[in-house]
Amino acid sequence: MPSAALPATVRGVNSTPLGFFDSGVGGLTVVRAVQELMPAENILYLGDTARLPYGSKSPETIRQFADEDVRFLLTHGVKAVVVACNTASAHALPRLREHYRVPILGVIEAGVEDALADPKAERIGIIATRGTINSHAYQHALAQRRTGLIIHGQAAPLLVPLVEENWIEHPATRQILQVYLEPLVDKGIDTLMLACTHYPLLIPVLKTLLPPGVRLVDSATTCAQHLQRELTRLDLLAPADQTGTLELYLTDLSEQFEQLARQFLKKSPGRIRRAVLGG
Ligand code: DGL
């Protein structure tokens, strides 16, 4: 795997875009949170819609896809990369950081820090794709930072297709959520980590199904906050007086993805371009 040098523009405050990638358009929940927090940042987003979902693929395949995604972003000269996909963060982040010199952030670290920001957090539930749960990345990151935690990971593979069908309020979604949540609620969780790009859209339903007092940690918001701290630390923030732009690339374009992009972003995604990877 090649080691990409930092683009020359990555020095000091600059308007070079931030690069985001996800298996599809779900990572736009992270983009939305970043746009709210840092409206001056220019953003280049790659959704690998031709090859999603990543959540059911093997670790090796996810690492290969993530590598190709990062290379695409680097050829567009981004100043930092955000792995806006929990499954790719879980399986590929350490290797990507080894191979590329540009700052690369995932969604796990920030979520874990936020979950543990509450000193009373003891029983932590995690819902995510099968790939993320099986990687144990969240479980390890939590256990490393605090001993004595009781951690329960629950794979919830049906939630991504339900959200993509926009069945957010559908009784079938409530029922399936109940099945996934029951073992976690039985174990008395005090915190639930939404460890998948799509799940922030389920927050209103989740709130009605969980016992009062269970704290929800969503990786989109926490990742945006973490990114802001990192960009400040690295002196890479965009000039505050500019209005950030969003350039959206997908490896497969269809009407459904355009609609979904609007749903995740909660506004028009603008022009979407087709990305060809590995060029
Ligand atoms: N983006 C993925 C994640 O956050 C969910 C969709 C998929 O499985 O590709 O884990």
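These numbers come from the heavy atoms of this one structure, side chains and all, not from hydrogens, waters or symmetry mates. Indexing begins at 1, ligand by ligand and atom by atom, following the structure's order.
- Residue contact check: P53 has heavy atoms under 4.0 Å from atoms 7 (C), 8 (O), 9 (O) of ligand 1.
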I'd like a table of donor-acceptor pairs (distance under 3.5 Å, sequence neighbours excluded) in which one partner is a side-chain atom from residues 191-207, with atom names and distances.
from : atom 1 : to   : atom 2 : distance (Å)
H198 : NE2    : E164 : OE2    : 2.7
Y199 : OH     : A156 : O      : 3.3

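- Residues that satisfy the side chain to side chain contact (heavy atoms under 4.5 Å, CB included) test with Q139, not counting sequence neighbours, are I126, I133, H136, I151.
- At least one heavy atom of C196 sits closer than 4.0 Å to an atom of ligand 1.
- Contact atoms of ligand 1 toward S23: 1 (N), 2 (C), 6 (C), 7 (C), 9 (O) (distance under 4.0 Å to a heavy atom of the residue).
- Residues V82 and C223 form a side-chain contact, since some pair of their non-hydrogen atoms from C-beta on lies under 4.5 Å apart.
- Between F72 and Y249, the distance separating the two ring centers is shorter than 6.0 angstrom.
- Residue-to-ligand polar distances keep H198 apart from ligand 1: every N/O pair is separated by 3.5 Å or more.
- The OG atom of S23 sits 9.5 Å away from atom CG of N86, with the distance rounded to the nearest 0.5 Å.
- Distance from atom 8 (O) of ligand 1 to its nearest protein heavy atom, with residue and atom name: G55 N, 2.8 Å.
- Between T197 and ligand 1, at least one N/O pair is under 3.5 Å apart.
- Between the side chains of Q154 and K187, no donor-acceptor pair of N or O atoms lies under 3.5 Å.
- Contact atoms of ligand 1 toward D22: 1 (N) (distance under 4.0 Å to a heavy atom of the residue).
- From the protein, the heavy atom lying nearest to atom 10 (O) of ligand 1 is T87 OG1, 2.6 Å.
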